[in-house]
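Sequence lines set the chain letters: A, B, ... in the order given, protein chains first and strands last, and positions in each chain run from 1.
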Amino acid sequence: MRTSLKSHGCGELRAEHDGQEVTLAGWVHRRRDHGSLIFIDLRDHDGIAQVVFNPKEAEEAHRVASDVRNEYVIQVKGRVARRPPGTENRNMATGEIEVHAQSATLLSPSKTPPFYINEETEVDDLLRLHYRYLDLRRERMHRNIVFRHKVVQFIRNFLSERGFVEVETPILIKSTPEGARDYLVPSRVNPGRFYALPQSPQQLKQLLMVAGFERYFQIARCFRDEDLRADRQPEFTQLDIEMSFIDEEDMLKLMEDLHTAMVETLRPDLRLTKPFPRLAYAEAMRRFGSDKPDLRYGMELVDVSDLLAESEFSVFRDTLAAGGVVRGICVPGGAGLSRRQIDELTEFVKTVGGKGLVSIGLTGEGPVEKLTADDFHSPVHRYLRLEEVRAIAVRIGAGRGDLLIIVADQEGRASQALDGLRREMARRLNLIDEGFLAFCFITDFPLVEWNEAEERWDAVHHPFTSPKEEDVPLMDSDPGRVRARAYDLVCNGWEIAGGSIRIHRRDVQEKMFSLLRIAPAEAQERFGHMLEAFEYGAPPHGGIATGLDRTVMLLAGERDIREVIAFPKTKTAADPLFGAPSTVSEAQLKELHIALRPEASISKESS
RNA sequence: GGCCCCGUGGUGCAGCGGCCUAGCAUACCAGCUUGUCACGCUGGAGAUCGGGGGUUCGAAUCCCCUCGGGGUCGCCA
């Protein structure tokens with residue numbers, strides 16, 4: 001980190017520098033004033049070093065150190081020396097040495113920061129974003145951003161070595177009114193017309209395949225005007241990949257190799273499964289109630305519908321009669337949960353889409369087949385027959401001391417509720433191995449799903465996703481059963497990538513449009529450029545896009561992508577640092593040929 | 001858009017109808033301090049409790065509205 005103003009980075013000094021004259025420059029991390037001796041922990045990008053100011057050795061430097069406060073920027077010239085025996089600090093990388101200041105220069109003073117830079121404390125999100133440049137100075141954030149760079153660098157190298165070409169695609173593209181809401185950009189040159197910011201480079205990367213690049217990738221910024229979450233930002237970054245002349249195996253192999261190598265290089269302390277397990281969508285839904293299961297723990301979902309068709313408990317019986325399911329999970333050692341904790345779970349399940357739950361705690365000794373009426377405890381005890389409880393316990397694989405959580409609902413909601421419960425219980429019972437990255441592939445997604453509101457089939461992935469060859473005939477007879485050549489990469493319960501083998505045959509593409517009730521004229525209007533391109537020799541191709549923010553978050557051990565994005569937005573898509581979004585002048589609007597609707601003409605104080 | 005949580009000196013918390021003349025820690029300011037490393041000691045300054053309205057003899061504490069932040073469902077082809 002040598003520059004004209006400094007000879008070394010603070011963090012790189014070691015015992016081997018003993019006796020060297022150095023010039024450091026950085027921020028005052030902490031200052032300890034002993035009256036005559038002053039210690040300053042000087043911090044720069046790559047670390048912290050202790051500087052000692054002794055008035056008997058350097059009176060002027062000591063005077064500077066006396067006036068300096070936290071976060072002042074100073075330059076120090078001095079000599080590196082081993083610390084006196086007994087005063088070494090093993091907690092610091094540079095703890096064996098210190099710098100004896102000979103001179104010091106104040107480069108820039110600092111106001112007292114609005115929050116601690118030198119301590120790990122919770123700080124209000126709004127404040128952090130307003131002073132993001134100070135937040136990023138904090139060690140953990142600084143480390144996260146540097147780590148993100150390493151991930152990106154690793155990806156670029158990895159793919160480049162395998163013949164991939166990074167191609168940039170436009171940020172101003174055509175709006176395709178489907179899927180997420182577009183961010184629109186008005187055109188000054190073309191009155192009344194708008195560009196959209198890309199939700200992903202999807203169509204462009206397919207065009208690059210038609211263009212014959214065969215192996216494309218891009219670290220691409222994507223934009224979606226939808227509501228935010230801890231894992232969603234209005235602008236986010238994808239690692240976008242597309243390859244020609246491949247099938248699913250090529251793509252999954254590449255992703256597995258990439259992620260394995262990345263973890264082993266950048267986080268060798270974390271463990272992962274090799275090879276990545278693969279689950280068909282139907283199996284994932286059946287066993288985990290989710291297409292992004294967290295495989296770090298068990299508690300798989302088990303169907304007990306057939307055991308309860310004759311149940312005296314009307315919720316079970318009625319749900320089953322209405323075509324629903326009764327499914328459950330076994331919470332190991334959960335029989336000890338208090339009534340209050342069970343009530344909390346009942347409240348919780350409502351927040352994840354469920355209507356309620358039935359808990360059955362198993363107590364006593366011996367095999368569950370010998371369970372007695374006194375050995376199980378449930379709020380609906382009197383509606384449950386002993387033989388039913390025994391059968392459920394056996395089916396779910398529960399033992400004494402475990403808690404059965406049973407949910408009766410239509411299949412979709414039951415899955416959602418149990419998925420939520422499973423995750424919640426794992427958290428509460430500390431069943432999560434934080435040192436493990438449980439990657440898995442989910443394959444064989446349905447091609448289309450029925451849109452109740454619109455009464456039509458919608459593409460699960462997108463309209464260019466290829467159906468499985470053997471399922472093509474089903475597109476006419478039973479579209480819901482058609483499996484797509486689509487795949488997701490999942491890690492620790494997060495979807496981190498999704499992709500598919502694309503349709504490259506005109507007849508199949510037309511069949512797909514017809515199934516989605518996209519009329520030829522509409523297809524021409526929306527995707528004409530793609531359809532035309534495909535008439536000039538389209539290679540079989542497929543691709544994938546990973547959520548880079550989520551990947552970095554997982555590898556960095558964070559729980560929110562905002563912790564790995566330098567300048568993220570709040571939940572209302574606002575940027576408290578710049579004050580975006582803001583109003584603009586009437587002149588700007590006029591130039592863009594835009595008039596605001598009355599309801600949008602808010603007071604102007606915001607800008 | 002629905003539901004839930006939060007909003008008290010700079011920061012992080014406590015207080016949840018009168019004992020609050022709003023407490024604690026830390027940061028901040030001043031003085032003392034030659035081996036500290038979350039230095040220490042002494043002293044000092046600093047918030048009317050996001051905003052508005054209401055209930056009450058009395059509100060940081062209860063109610064309503066509103067603003068802001070967060071979580072979640074919807075949404076995210």
Side-chain angles (χ1 to χ4, degrees), chain A residues 29-42 48-57 62 69-71 83-92 94-95 98 100 111-131 134 176-182 199-200 202-203 222-234 236 347-354 413 416-417 420 423-424 447-449 451 453-454 456-465 484 486 495 498 500 512 516 518 526-527 547 559-560 562 569-572 574 576 606:
Chain A
H29 187 66
R30 219 170 235 124
R31 179 173 156 278
R32 293 176 293 280
D33 184 348
H34 287 242
S36 46
L37 269 195
I38 294 175
F39 298 94
I40 285 180
D41 291 339
L42 193 65
I48 296 177
Q50 173 167 283
V51 183
V52 191
F53 296 83
N54 189 329
K56 289 184 179 157
E57 291 176 14
H62 182 268
R69 292 294 180 269
N70 282 352
E71 301 310 314
R83 294 194 187 185
T87 64
E88 301 89 350
N89 186 343
R90 293 180 195 287
N91 299 322
M92 287 177 80
T94 61
E98 60 194 3
H100 291 264
K111 290 165 73 173
T112 301
F115 49 81
Y116 301 106
I117 310 296
N118 54 16
E119 269 181 50
E120 284 279 325
T121 47
E122 286 291 310
V123 180
D124 181 71
D125 280 302
L126 189 60
L127 198 63
R128 289 179 61 192
L129 293 184
H130 189 260
Y131 297 98
L134 295 181
T176 55
E178 192 177 341
R181 296 182 182 89
D182 282 329
Q199 297 177 20
S200 80
Q202 182 58 42
Q203 297 180 40
C222 305
F223 307 86
R224 293 178 190 174
D225 188 5
E226 295 291 348
D227 287 355
L228 278 58
R229 286 280 201 292
D231 62 338
R232 282 190 227 153
Q233 281 275 301
F236 61 101
E347 284 308 303
F348 171 82
V349 77
K350 288 173 186 167
T351 70
V352 292
R413 266 208 305 268
Q416 201 181 338
R423 290 170 195 262
E424 179 70 10
L447 183 69
V448 292
E449 64 189 344
N451 182 328
E454 307 276 334
R456 59 144 200 256
W457 294 100
D458 280 347
V460 169
H461 191 47
H462 57 57
F464 308 107
T465 297
E495 179 196 327
S500 65
M512 184 68 176
L516 298 176
I518 298 174
R526 278 166 56 185
F527 309 118
R559 293 166 187 282
D560 190 321
R562 282 173 293 203
K569 297 201 170 31
T570 65
K571 213 206 150 194
T572 48
S606 55

*Mind checking the C1' distance from B:C4 to B:A45? Whole angstroms is fine.*
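Their C1' atoms lie roughly 40 Å apart.
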Nucleotide forming a Watson-Crick or wobble pair with [N], both distances under 3.5 Å:
| N | result |
| --- | --- |
| B:A45 | none |
| B:U11 | B:A25 |
| B:A60 | none |

Quick one: the side chain of [X] and the base of [N], do they pair up donor-acceptor inside 3.5 Å?
| X | N | value |
| --- | --- | --- |
| A:K350 | B:U72 | no |
| A:R413 | B:C73 | no |
| A:D41 | B:C37 | no |
| A:R229 | B:G74 | yes |

*Short side-chain N/O contact to B:A77 OP1/OP2 from A:R224, under 4.0 Å*: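 Affirmative; the distance criterion is met.
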_Under 4.0 Å, heavy atoms only, any strand: does A:D125 hit a base, just the sugar-phosphate, or nothing?_
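Here A:D125 touches the backbone only, sparing every base.
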_Using side chain to side chain donor-acceptor pair (under 3.5 Å), reason through A:R32 and A:Q50 one step at a time and then give a plain yes or no._
CA-CA 10 Å; A:R32 293 176 293 280; A:Q50 173 167 283; 2.9 Å; yes
_If you take the centroid of each ring, where Trp contributes its six-membered ring, are A:F464 and A:F527 closer together than 6.0 Å?_
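When the ring centroids of A:F527 and A:F464 are compared, they turn out to be within the sub-6.0 Å range.
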*Mark this stacking check for A:H34 against B:C39 as yes or no, applying ring centres under 5.5 Å and ring planes under 30°.*
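It does: the two rings, one from A:H34 and one from B:C39, meet the stacking criterion.
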*Are any non-hydrogen side-chain atoms of A:Q199 and A:D182 less than 4.5 angstrom apart?*
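Yes. Closest side-chain heavy atoms under 4.5 Å.
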Would [X] and [Y] pass as an ion pair if we require N to O under 4.0 Å?
| X | Y | value |
| --- | --- | --- |
| A:R229 | A:D227 | no |
| A:D560 | A:R562 | yes |
| A:R232 | A:E226 | no |

For nucleotides 41-51 of chain B, which of its nitrogen or oxygen atoms have a protein nitrogen or oxygen under 3.5 Å away, and what is each distance?
none

*Name the closest nucleotide to the A:Q202 side chain, picking from B:A77, B:G69, B:G71.*
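Per side-chain heavy atoms of A:Q202, the pick is B:A77.
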Within the sub-3.5 Å range, which N or O atoms of nucleotides 9-12 of chain B have a protein N or O partner, and how far apart are they?
| unit_1 | atom_1 | unit_2 | atom_2 | d |
| --- | --- | --- | --- | --- |
| B:G10 | O2' | A:P114 | O | 2.9 |
| B:G10 | N2 | A:Y116 | OH | 3.0 |
| B:U11 | O4' | A:P114 | O | 3.4 |
| B:G12 | OP1 | A:D124 | N | 2.8 |

